[in-house]
Student: 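Once you've had a glance at the structure underneath, I'll fire off some questions.
Numbers here simply count residues along the sequence, with the first being 1.
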Amino acid sequence: MPEVAIKIGPKTYNITCGEGEQERIMALGALIAEKRAQLGAASAPVESQNMLFTAFFLADELSEARASLERAGKGTEAVKAELEHEKSKIGSKKAELRSEIETLRKSEARAREELAAVKAELAELREAAAHQHDLFGAPEDEDAIATSLEQIADKAEATALALEGSLEAPRLEDPRPKA
């Protein structure tokens, strides 16, 4: 088994470790040496007390890291709960939008039916308007109709004049004495 020498404070420690763990043991030893160096001038005369204080430093950092991790875990749970709530709201909104889309599709279908009915009615009205000339003849017969109407009007005027003339004929005087 490999052995690693670690210097912490004034003393060197030989640590036996598994194959491939040498670098990790050296990194951990460097961390302990760093914390031991924080004692500085406040170091105790007995090395075991210095190692105990170093262990307290490390334990304090570990405790803070665990508390931070726990807070993060609780924060994660709150975030998860908030995400679930948002997911639920989105699901509700999605269902609402689907319902609204279906309503709009039905309205569109009704509007298309109404439009088709209006178009059919318009086509019927156009067809009826196109055949309205049947009462007075085709549009191309307008000149002939106008000429015929003028002739009828001339005859009516001539007849009226003739009638007026016959009404103005001399009248016989009434043989009765006038009073």
Student: Salt bridge (charged side-chain N to carboxylate O under 4.0 Å, His left out), that's the test. Do K74 and E70 meet it? Break it down for me.
Tutor: CA-CA 6 Å; K74 288 179 182 176; E70 188 176 321; 3.6 Å; yes
Student: Can you tell me how far the CD1 atom of I90 sits from the CG atom of L83, to the nearest 0.5 Å?
Tutor: 9.0 Å
Student: Would you give the length of the straight line joining atom NZ of K89 to atom CD of E82, rounded to the nearest 0.5 angstrom?
Tutor: 8.5 Å
Student: Return yes if some donor-acceptor pair links the side-chain N/O of S68 with the main-chain N/O of E64 below 3.5 Å, else return no.
Tutor: no
Student: Taking side chain as C-beta onward, heavy atoms only, is L31 less than 4.5 Å from L58?
Tutor: yes
Student: Which residues pass the side-chain hydrogen bond (donor to acceptor under 3.5 Å, both in side chains) test with T147, not counting sequence neighbours?
Tutor: none
Student: Among the clusters formed by ILVMFWY side chains lying less than 4.5 Å apart, do F56 and I32 turn up in the same one?
Tutor: no
Student: Locate the shortest heavy-atom distance separating C17 from I25; write the atom from each residue and the value.
Tutor: CB-CG1, 3.8 Å
Student: Looking only at heavy atoms, which two atoms of R36 and P10 are closest? And how far apart?
Tutor: NH2-CD, 3.6 Å
Student: Measuring only between side-chain heavy atoms, which start at C-beta, is M1 closer than 4.5 Å to E21?
Tutor: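 With C-beta onward as the side chain, the pair stays apart.
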Student: Quick check on the hydrophobic clustering: are V4 and M51 connected, directly or via other members, by side-chain heavy-atom contacts under 4.5 Å?
Tutor: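 Yes: a chain of side-chain contacts under 4.5 Å links V4 to M51.
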Student: Given 3.5 Å as the limit, does a donor-acceptor pair link the side chain of T76 with the main chain of A72, or not?
Tutor: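 Side chain of T76 to backbone of A72: a pair is present.
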Student: Atom NZ in K93, atom CD in E100: separation rounded to 0.5 Å?
Tutor: 7.5 Å
Student: Within the distance-only criterion (no hydrogens, no angle test), does the side chain of E96 pair as donor or acceptor with the backbone N or O of K94 below 3.5 angstrom?
Tutor: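 Here the side-chain-to-backbone pair does not exist.
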Student: Cut-off 3.5 Å, side chains only: do S107 and R110 have a donor facing an acceptor?
Tutor: yes
Student: How long is the straight-line distance from OG1 of T159 back to CD1 of I152, given to the nearest 0.5 Å?
Tutor: 11.5 Å
Student: Do other residues, nucleotides or ligands put more than 12 heavy atoms under 6.0 Å from the CD atom of E3?
Tutor: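 Yes, because the 6.0 Å sphere around CD of E3 holds more than 12 heavy atoms from other groups.
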Student: Are more than 12 heavy atoms from other residues, nucleotides or ligands located less than 6.0 Å from atom CD of E23?
Tutor: no
Student: For F57, look at atom CZ and say whether over 12 heavy atoms of other residues, nucleotides or ligands are found less than 6.0 Å away.
Tutor: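 Above 12, so yes.
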Student: Please walk me through it: do E108 and R105 pass salt bridge (charged side-chain N to carboxylate O under 4.0 Å, His left out)?
Tutor: CA-CA 5 Å; E108 179 188 19; R105 283 185 179 150; over 6 Å; no
Student: For the side chain of S88 and the backbone of E84, is there at least one donor-acceptor N/O pair under 3.5 Å apart?
Tutor: no
Student: Between T12 and A5, what is the shortest heavy-atom contact and its length?
Tutor: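 T12 and A5 have their closest heavy atoms at CG2-CB, 4.1 Å.
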Student: Tell me whether L28 is reachable from I15 by hopping between hydrophobic residues (I, L, V, M, F, W, Y) whose side-chain heavy atoms are closer than 4.5 Å.
Tutor: no
Student: If you measure from CG on L69 to CZ on R71, what distance do you get to the nearest 0.5 Å?
Tutor: 10.0 Å
